[in-house]
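One structure is given below, encoded as structure tokens.
First the proteins, then the strands, lettered A, B, ... as listed; each starts at 1. Everything numeric here is computed off the predicted structure, so don't read it as measured data. The figures that follow rest on heavy atoms only: side chains count, while hydrogens, waters and symmetry mates do not.
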Number of protein chains: 2
Amino acid sequence: MNQGTPKKPDYEREMRRAGIRITRPRRVILDILAGCEDHPDAMEIFQRASAIDKSISLSTVYRTMKLLEGMGAIHRHAFEGGPARFEQASGEHHDHLIDLDTGDVIEFHSRRIEELQDEIARELGYEIVHHRLELYGRRKKRRG
Amino acid sequence: MNQGTPKKPDYEREMRRAGIRITRPRRVILDILAGCEDHPDAMEIFQRASAIDKSISLSTVYRTMKLLEGMGAIHRHAFEGGPARFEQASGEHHDHLIDLDTGDVIEFHSRRIEELQDEIARELGYEIVHHRLELYGRRKKRRG
DNA sequence: AGTCTTATTGCAAACGATTTGCAATTGCAT
DNA sequence: ATGCAATTGCAAATCGTTTGCAATAAGACT
Ligand SMILES: [Mn+2]
Ligand SMILES: [Mn+2]
Ligand SMILES: [Zn+2]
Ligand SMILES: [Zn+2]
């Protein structure tokens with residue numbers, strides 16, 4: 001059992017262990033990110049959080065995003081143009097295709113590309129710590 | 001003849017044709033970029049330009065970078081963390097490996113990865129307009 | 001070379017995203 | 001309950017970049 005189930009790590013436990021406090025704003029933000037299908041930016045997260053607890057501030061959103069990023073609980077993306085966008089780190093690694101017309105973000109993964117990246121880095125004498133692959137494109141016209 | 005020679009397009013001609021004026025600041029900045037092996041940011045370009053013509057302003061650097069980008073004369077990169085960096089667009093397409101310790105930027109190209117990107121986009125019903133592939137890594141320890 | 005029109009400039013001020021100082025509040029171990 | 005350090009909200013600061021505006025200069029036409 002539990003094969004293939006993307007593990008949702010217990011960050012509250014990890015935070016307690018590190019002496020990091022579980023506060024109301026943090027719980028709210030963590031919940032928002034957990035039940036998130038998209039890649040919201042700080043302002044969007046702030047608005048969703050405000051809807052739950054009117055007292056949460058934008059500063060706290062930023063501070064919390066930095067904290068969670070440091071813990072490896074979320075990923076920060078800097079797609080071209082806009083502000084940083086976030087997503088929880090629970091799932092498998094993937095890269096992104098951004099629809100230039102709609103702004104939609106589509107996730108994909110290519111084991112082959114990942115392998116080639118490693119190979120390239122190795123040949124250059126490097127070890128990859130992380131990478132960023134973003135495709136920017138337009139929907140192909142349906143052939144009629 | 002002229003096979004394999006990376007063509008260095010005559011931007012001055014192109015600019016004139018578009019009613020864009022060849023000013024002293026623009027000539028200076030264009031020259032800096034042409035004789036540039038690295039990926040300087042606006043401030044670095046500003047400093048190099050100031051050394052040639054003390055009167056050039058940072059605003060003009062930014063405005064010129066935008067103009068040149070629009071003409072396709074340069075590429076703008078947004079490596080993680082820092083400000084935008086630029087390079088002249090004359091050469092072949094390539095992607096970048098950033099040394100996390102030194103900040104060095106190493107260029108590479110993989111035809112195979114480019115093909116796979118196209119394939120992935122096609123399968124998702126998209127046509128790639130441009131993309132960004134950045135590897136962030138550390139030099140491998142020499143085995144002794 | 002002189003004149004004209006208008007693109008371009010430098011400057012300072014505005015901008016958007018993010019970070020920070022600080023005093024007030026809170027989590028949580030005792 | 002008590003106490004202290006971690007965390008917060010707020011406002012102000014910061015960073016990279018853009019913009020309004022009056023002054024300047026490119027280049028087309030004498
Ligand atoms: Mn994603
Ligand atoms: Mn390059
Ligand atoms: Zn990847
Ligand atoms: Zn590429």
Side-chain angles (χ1 to χ4, degrees), chain A residues 11-30 32 39-71 73-86 103, chain B residues 10-32 39-71 73-86 103:
Chain A
Y11 289 118
E12 303 215 358
R13 188 164 310 257
E14 185 184 335
M15 288 167 77
R16 274 216 176 68
R17 194 160 37 70
I20 292 168
R21 293 178 181 171
I22 316 292
T23 66
R24 180 139 170 61
R26 283 176 185 163
R27 225 190 293 272
V28 169
I29 291 169
L30 224 32
I32 287 170
H39 299 77
D41 62 32
M43 183 55 67
E44 284 161 0
I45 293 168
F46 167 62
Q47 282 157 357
R48 296 180 201 183
S50 294
I52 296 167
D53 180 342
K54 191 76 177 121
S55 78
I56 293 171
S57 77
L58 182 56
S59 301
T60 293
V61 172
Y62 276 112
R63 279 190 278 233
T64 301
M65 298 327 282
K66 183 166 286 189
L67 177 83
L68 296 177
E69 189 189 9
M71 292 174 48
I74 62 169
H75 292 307
R76 172 191 304 261
H77 303 293
F79 299 141
E80 74 176 18
R85 300 169 145 244
F86 307 90
Chain B
D10 183 351
Y11 289 118
E12 303 217 357
R13 187 164 311 257
E14 185 183 335
M15 288 168 77
R16 275 216 177 69
R17 194 160 38 70
I20 293 169
R21 292 177 183 173
I22 316 290
T23 66
R24 180 141 171 56
R26 282 176 185 164
R27 225 189 293 273
V28 169
I29 292 169
L30 223 34
D31 282 355
I32 287 169
H39 299 76
D41 61 32
M43 183 56 66
E44 284 162 0
I45 293 168
F46 168 63
Q47 282 158 358
R48 295 179 201 184
S50 293
I52 297 168
D53 180 341
K54 191 76 177 120
S55 79
I56 293 171
S57 78
L58 182 56
S59 301
T60 292
V61 172
Y62 276 112
R63 278 190 278 233
T64 301
M65 298 326 283
K66 183 165 287 190
L67 177 84
L68 296 177
E69 189 189 10
M71 291 173 48
I74 63 169
H75 292 309
R76 172 190 304 260
H77 303 294
F79 300 140
E80 75 176 16
R85 300 170 141 240
F86 307 90

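A search for ring pair (Phe, Tyr, Trp, His ring centres under 6.0 Å) contacts involving B:F79 returns B:H77, B:H96, not counting sequence neighbours. In this structure, B:R21 has no side chain to side chain donor-acceptor pair (under 3.5 Å) partners at least two apart in sequence or on a different chain. The salt bridge (Lys or Arg N to Asp or Glu O under 4.0 Å) check on B:R16 picks up nothing, with sequence neighbours excluded. Checked against side chain to side chain donor-acceptor pair (under 3.5 Å), B:T60 has the following partners two or more places apart in sequence or in another chain: B:S57. With sequence neighbours left out, B:R13 forms a side chain to side chain donor-acceptor pair (under 3.5 Å) with B:D10.
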Got a list of side-chain donor-acceptor pairs under 3.5 Å for residues 44-53 of chain B, not counting sequence neighbours?
residue : atom : partner : partner atom : Å
B:E44   : OE1  : B:D41   : N            : 3.0
B:R48   : NH1  : B:D38   : OD1          : 3.4
B:R48   : NH2  : B:D38   : OD2          : 2.8
B:S50   : OG   : B:F46   : O            : 2.8
B:D53   : OD1  : B:S55   : N            : 2.9
B:D53   : OD1  : B:S55   : OG           : 2.9
B:D53   : OD2  : B:R24   : NE           : 3.3

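The separation between B:R85 atom CZ and D:dT17 atom C1' is 17 Å, rounded to whole Å. Rounding to whole angstrom units, CZ of residue B:F46 and P of D:dT17 are separated by 14 Å.
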What N/O pairs connect the protein and nucleotides 13-15 of chain D at under 3.5 Å? Give each pair on its own line.
none

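Residue pairs that meet the salt bridge (charged side-chain N to carboxylate O under 4.0 Å, His left out) test with at least one member in residues 57-71 of chain B, sequence neighbours left out, are B:E69-B:R76.
Counting any heavy atom pair closer than 4.0 Å across all strands shown, A:R26 reaches sugar-phosphate atoms only and no base atom.
Separating the CD1 atom in B:I29 from the CD1 atom in B:I74 is a distance of 9.5 Å, to the nearest 0.5 Å. Atoms CZ and OG1, from A:F86 and A:T64 in turn, are 10.5 Å apart once rounded to the nearest 0.5 Å. For the atom pair CG of B:L68 and CZ of B:R26, the computed distance is 8.0 Å after rounding to the nearest 0.5 Å.
For D:dT17, the OP1/OP2 oxygens have a side-chain nitrogen or oxygen of B:Y62 closer than 4.0 Å.
Nearest approach of B:H39 to B:R85, heavy atoms of both residues: O-NH1, 3.0 Å.
Each end of the helix from C:dA1-D:dT30 to C:dA13-D:dT18 gets its own axis, taken as the rotation carrying the C1' atoms of four end pairs onto the next four within a five-pair window, and the two axes meet at 30° to the nearest 10 degrees.
Looking at residues 51-60 of chain B, you'll see B:S55, B:I56, B:S57, B:S59, B:T60 sit with a heavy atom under 4.0 Å from some atom of DNA chain C.
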Could you encode protein contacts along nucleotides 25-30 of chain D as a string, one character per nucleotide from 5' to 3', using B for base contact, S for sugar-phosphate-only contact and - for no contact, with a heavy-atom cut-off of under 4.0 Å?
-BS---
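With a heavy-atom cut-off of 4.0 Å to chain B, the contacted part of DNA chain C has its first and last nucleotide at C:dT6 to C:dA12.
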